[in-house]
Amino acid sequence: LTLAAKAARLEVWSYDCHKGVFTVSSSVRHLLGFTPGLPISLESMLDRVDFDGKLLLAEQIKQGRISSTNLNIEAGFNRPDGTQGWFTAIGEVEYSSAGSPVTLRGVALDITARKLSEEVERQLSGMLITAHEEERTRLARELHDHLGQIVAVHSIELGLLRERPPEDSAAFAQRMEAINEQIEQISNDIRMLSHRLHPANLRRLGLVPAIRAVMADAADRPLLQHP
């Protein structure tokens with residue numbers, strides 16, 4: 001069991017229910033800050049770790065009435081240098097012929113790296129959600145404050161042309177041509193907004209080249225600029 005545990009980077013532990021003492025490896029002693037050679041009591045072990053239900057478990061152990069034969073715990077702990085760590089531990093309870101617990105025996109695994117990775121992933125996910133919301137807000141503002149106002153102005157101008165068209169056909173054609181150019185520009189602006197929501201390069205080239213393309217495009221020309 002010990003060789004298999006070492007191969008899997010597991011630490012073997014046990015707790016003597018009668019003596020109230022833990023037996024752990026030297027690496028676990030060092031990790032949790034216990035002095036070599038000194039006994040590790042239940043109280044001192046629980047002072048080092050933090051997990052849901054630890055007080056109930058401690059009371060059950062003290063009273064000799066453990067509710068389950070299988071233990072599965074994920075706990076945080078403070079290293080001697082003050083940094084936070086995490087481990088997971090599983091074990092089984094061995095009972096006497098009279099039915100009282102004699103020994104808790106199991107293995108533990110340091111999962112600090114995994115927990116830190118999960119925390120980084122959680123923070124990045126939060127940052128991504130925030131960026132998405134900010135981008136939606138910005139796009140909504142551009143649609144409302146810029147494109148919406150331009151469309152409203154042209155709608156009014158077309159209404160005036162319909163009610164009072166110029167007598168000079170050349171002047172009428174010139175005004176219609178100007179409006180047509182503005183509508184084409186609006187179409188281009190909408191296309192650019194759509195492209196920024198989901199660039200084609202992202203699907204075709206991947207994330208990094210797509211970001212470079214967006215940066216180059218932003219450097220080359222201003223967005224949504226009208227005469």
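What you see is a predicted model, and the numbers here were worked out from it, not measured in a lab. Each residue takes its place number in the sequence, starting with 1.
No donor-acceptor distance shorter than 3.5 angstrom exists from the side chain of Trp86 to the backbone of Thr112, with no hydrogens or angles considered. At least one donor-acceptor pair closer than 3.5 Å links the side chain of Thr130 to the backbone N or O of Gly126. Of the possible donor and acceptor atoms, one in the side chain of Ser41 sits under 3.5 Å from a partner among the backbone N and O of Ser44.
In this structure Ser25 satisfies the side-chain contact (heavy atoms from CB on, under 4.5 Å) test together with Glu11, Ser27, Val28, sequence neighbours excluded. Remark: Glu121 engages no residue in a side chain to side chain donor-acceptor pair (under 3.5 Å) (not counting sequence neighbours). Partners of Phe34 according to the ring pair (Phe, Tyr, Trp, His ring centres under 6.0 Å) rule, which considers only residues two or more places apart in sequence or in another chain, do not exist here. Glu181 meets the side-chain contact (heavy atoms from CB on, under 4.5 Å) test with Glu177; sequence neighbours excluded.
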Residues Asn72, Thr88; criterion side chain to side chain contact (heavy atoms under 4.5 Å, CB included); working and verdict: CA-CA 8 Å; Asn72 192 335; Thr88 183; 4.3 Å; yes
Evaluation steps, side chain to side chain contact (heavy atoms under 4.5 Å, CB included), between Leu104 and Cys17: CA-CA 7 Å; Leu104 279 69; Cys17 297; 3.3 Å; yes
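With a 4.5 Å cut-off on side-chain heavy atoms, Thr23 and Asp16 do not count as touching.
Val102 and Val12 fall into different hydrophobic clusters, where Ile, Leu, Val, Met, Phe, Trp and Tyr side chains are chained together by heavy-atom contacts under 4.5 Å. Note on Leu38: it does not cluster hydrophobically with Phe22, by side-chain heavy-atom contacts below 4.5 Å among ILVMFWY residues. Residues Val93 and Val21 do not share a hydrophobic cluster, clusters being chains of Ile/Leu/Val/Met/Phe/Trp/Tyr side chains in contact below 4.5 Å.
Atom NZ of Lys19 sits about 10.0 Å away from atom OG1 of Thr103, to the nearest 0.5 Å. Taken from CD1 in Ile90 to CG in Leu109, the straight-line distance is 9.5 Å, to the nearest 0.5 Å. Note that NE2 of His18 is 6.0 Å distant from OG of Ser96, once rounded to the nearest 0.5 Å. Taking NZ of Lys54 as the start and CD1 of Ile73 as the end, the distance is 11.0 Å to the nearest 0.5 Å. One distance of note links CD1 of Ile179 with CD1 of Ile186; it measures 10.5 Å at 0.5 Å rounding.
Listed by first then second residue, pairs satisfying salt bridge (charged side-chain N to carboxylate O under 4.0 Å, His left out) with a partner in residues 71-89 read Glu74-Arg114, Glu74-Lys115, not counting sequence neighbours. Sorted by first and then second residue, the salt bridge (charged side-chain N to carboxylate O under 4.0 Å, His left out) pairs with a member in residues 24-51 read Glu43-Lys62; sequence neighbours excluded.
Counting heavy-atom neighbours within 6.0 Å of Glu119 CD, excluding the residue itself, gives a total above 12.
Residue Phe77 comes nearest to Val49 through the heavy atom pair CB-CG1, 4.2 Å, listed as atom of the first residue, atom of the second, then distance. For the pair Ala89 and Trp13, the tightest heavy-atom approach, listed with the atom from each and the gap, is CB-NE1, 4.1 Å. Closest approach of Leu31 to Pro80, counting heavy atoms only: O-CD, 3.4 Å.
A salt bridge does not link Arg105 with Glu92: every distance from a Lys NZ or Arg NE/NH1/NH2 to an Asp or Glu carboxylate oxygen is 4.0 Å or more.
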